[in-house]
Amino acid sequence: MNYPKRTTLHPNVVCFSFDKLKGVAVYTASMFFSLGWWVFIDALISNIKSGEPKAYAGVEDWISGVLVTMGMPIVLVALSRLKEDDGSLFRHYLLFFIGAAIAMGGVAGSVTILVFKYITQNDRAVDPYLGVSQVIQSVFIFVSLIILSNNTKKERTYIYCV
C-alpha cells in the first residue's frame with residue numbers, strides 16, 4: 001500500500017488504511033453472529049439439562065433469531081446492488097427496506113416474547129434466562145448486520161493519519 005507523503009513534521013505519526021479495518025470488521029461481525037446463536041443454543045441446552053425445564057421453548061422462541069438471520073442476506077444483497085447503476089434503484093431500496101424491516105421485526109419480537117412470556121407471567125417458577133438469551137441473540141445478530149452493512153458500502157480507500 002502506498003501511503004501519501006506525510007505533511008507533518010512529527011516522526012511518530014501513524015497512518016493506517018481502511019482496507020485493513022474491513023477485514024477486522026468482517027471478523028468482528030462474524031464473532032457477533034456466532035456469539036448470538038451460541039448464547040441462544042446454550043440457553044436451550046441448559047434449560048433442557050436442568051432436569052425439569054423451567055420454560056418450554058416453542059416456535060415463538062426460535063422465530064426471532066431466524067427472522068434477524070433471514071434479514072441479513074436480504075439487506076446485504078440490496079446494498080451490494082445499490083452500487084450498480086442499472087435503473088432499478090427503487091427495487092433495490094424496496095428490497096433493502098424489506099430486509100431491514102424483517103431484521104428489526106425479529107429484534108422487536110424477541111423483546112416482546114421476553115416481556116409477555118417470561119417476565120409478566122404470574123408463575124414464579126419460570127426462569128427468564130431463555131427470554132434474555134433471545135434478546136441477546138437478536139441484538140448480536142443485528143449488530144453484526146450493522147457492521148457488515150457499514151463495511152460493504154465503503155468503496156473508496158481512506159487513509160487516516162493520527
Do [X] and [Y] have side chains that approach each other closer than 4.5 Å (heavy atoms only, starting at C-beta)?
X: Y129; Y: Y118; answer: no
X: I141; Y: W37; answer: yes
X: F33; Y: T69; answer: yes
X: L114; Y: Q134; answer: no

same_hphob_cluster([X], [Y]) at 4.5 Å side-chain heavy-atom cutoff:
X: V68; Y: M70; answer: yes
X: V66; Y: F140; answer: yes
X: L148; Y: I146; answer: yes
X: Y27; Y: M72; answer: no

Interatomic spacing from [atom1] in [X] to [atom2] in [Y] - rounded to 0.5 Å:
X: R81; Y: Y93; atom1: CZ; atom2: OH; result: 15.5 Å
X: I113; Y: I119; atom1: CD1; atom2: CD1; result: 12.5 Å
X: L94; Y: S88; atom1: CG; atom2: OG; result: 11.0 Å
X: I136; Y: L35; atom1: CD1; atom2: CG; result: 10.5 Å

note = Which of L44, D42, V39 passes side chain to side chain contact (heavy atoms under 4.5 Å, CB included) with S133? Answer is V39
key: Reference residue I45; test side chain to side chain contact (heavy atoms under 4.5 Å, CB included); the match among I48, N47, I41   =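 For I45, the side chain to side chain contact (heavy atoms under 4.5 Å, CB included) test succeeds with only one of I48, N47, I41, which is I41.
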Can you give me every donor-acceptor pair (side chain of residues 102-112, partner residue at least two apart or in another chain, under 3.5 Å) with its distance?
from : atom 1 : to   : atom 2 : distance (Å)
S110 : OG     : V107 : O      : 2.7
S110 : OG     : S138 : OG     : 3.4
T112 : OG1    : A108 : O      : 2.8

query = Looking only at heavy atoms, what is the nearest atom pair of L130 and A43, with distance?
reply =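 Where L130 meets A43 most closely, the heavy atoms are CD1-CB, 3.8 Å.
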query = Of the non-hydrogen atoms in L79 and S149, which two are nearest, and what is the gap between them?
reply = CD1-CB, 3.3 Å
query = How about F40 and W62: are their ring centroids closer than 6.0 Å?
reply = yes
